S.K.: 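Handing you this structure, nothing more for now.
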Amino acid sequence: MSIGIKPLGARVVIKRVEAEEKTASGILLTGSAKEKPQVAEVLAVGPGTEDEKMELKVGDKVIFSQYAGTDVKYEGQEVSIMNQRDILAIVE
């Protein structure tokens, strides 16, 4: 899937997964009460650099640092662009 954004260096483009709308006990949350998710899907990856080899691939589900990246709205889709080093883990 091509999204029209090609990250440079060791950067990745991610899309956050949707936040939970209900608590475990079944209480519905309003928009402001939902936590911003820190799990995302990788949409595009850069080629990496000589110092930092690209370890991620398109389709990986990842956990990332809370304040990492730059949020961008492109062609109606909200994505974040961040350095690979801001990705903390791959969800298996």
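Remember, predicted model here, so these are calculated numbers, not experimental data.
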S.K.: For Leu88 and Ser65: C-alpha separation, side-chain torsions, deciding distance, then whether side chain to side chain contact (heavy atoms under 4.5 Å, CB included) applies.
M.R.: CA-CA 7 Å; Leu88 304 174; Ser65 295; 3.6 Å; yes

S.K.: For residues Val12 and Ile81, determine if any side-chain heavy atom of one lies less than 4.5 Å from a side-chain heavy atom of the other.
M.R.: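 No. Closest side-chain heavy atoms not under 4.5 Å.
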
S.K.: Decide yes or no on side chain to side chain contact (heavy atoms under 4.5 Å, CB included) for Val79 and Ile5, but give the supporting numbers first.
M.R.: CA-CA 10 Å; Val79 297; Ile5 299 174; 4.1 Å; yes

S.K.: For the residue pair Ser80 and Asp71, establish whether any side-chain heavy-atom pair is separated by less than 4.5 Å.
M.R.: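 Yes, side chains in contact.
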
S.K.: Check Val42, Val45, Thr49, Leu56 against Gln84 for a side-chain contact (heavy atoms from CB on, under 4.5 Å) and give me the one that passes.
M.R.: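 Only one of Val42, Val45, Thr49, Leu56 forms a side-chain contact (heavy atoms from CB on, under 4.5 Å) with Gln84, namely Leu56.
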
S.K.: Check step by step if side chain to side chain contact (heavy atoms under 4.5 Å, CB included) holds for Val62 and Val39.
M.R.: CA-CA 6 Å; Val62 296; Val39 176; over 6 Å; no

S.K.: Kindly write out the residues that satisfy side-chain hydrogen bond (donor to acceptor under 3.5 Å, both in side chains) with Glu55, not counting sequence neighbours, or none if the list is empty.
M.R.: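 Per chain and number, Glu55 pairs via side-chain hydrogen bond (donor to acceptor under 3.5 Å, both in side chains) with no residue.
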
S.K.: What pair of heavy atoms forms the shortest contact from Pro47 to Pro7, and how long is it?
M.R.: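 Distance-wise, the nearest heavy atoms are CD-O, 3.9 Å.
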
S.K.: What's the spacing between Ile87 CD1 and Ile14 CD1 if we round to 0.5 Å?
M.R.: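 CD1 of Ile14 is found 5.0 Å from CD1 of Ile87.
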
S.K.: With sequence neighbours left out, write down each residue that passes salt bridge (Lys or Arg N to Asp or Glu O under 4.0 Å) with Lys53, or none if nothing qualifies.
M.R.: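 If we apply the salt bridge (Lys or Arg N to Asp or Glu O under 4.0 Å) test to Lys53, skipping adjacent residues, there are no hits.
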
S.K.: With a 4.5 Å heavy-atom cut-off, do Met82 and Arg11 have their side chains touching?
M.R.: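 No, their side chains stay 4.5 Å or more apart.
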
S.K.: Counting distance only, does the side-chain N/O of Glu78 pair as donor-acceptor with the main-chain N or O of Lys73 below 3.5 Å?
M.R.: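 Side chain of Glu78 to backbone of Lys73: no pair is present.
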
S.K.: State the CZ-CZ distance between Phe64 and Arg16, to the nearest 0.5 angstrom.
M.R.: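 Answer rounded to 0.5 Å: 3.5 Å.
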
S.K.: If a pair satisfies salt bridge (charged side-chain N to carboxylate O under 4.0 Å, His left out) and one of its residues is in residues 83-92, list it, with sequence neighbours excluded.
M.R.: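 Listed once each, the pairs are Glu52-Arg85.
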
S.K.: Which value, rounded to the nearest 0.5 Å, describes the distance between Asp60 atom CG and Leu43 atom CG?
M.R.: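 Rounded to the nearest 0.5 Å, the CG-CG separation comes out at 11.0 Å.
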
S.K.: Assess whether side chain to side chain contact (heavy atoms under 4.5 Å, CB included) is satisfied between Val91 and Ile63, documenting all intermediate values.
M.R.: CA-CA 7 Å; Val91 179; Ile63 298 172; 3.7 Å; yes

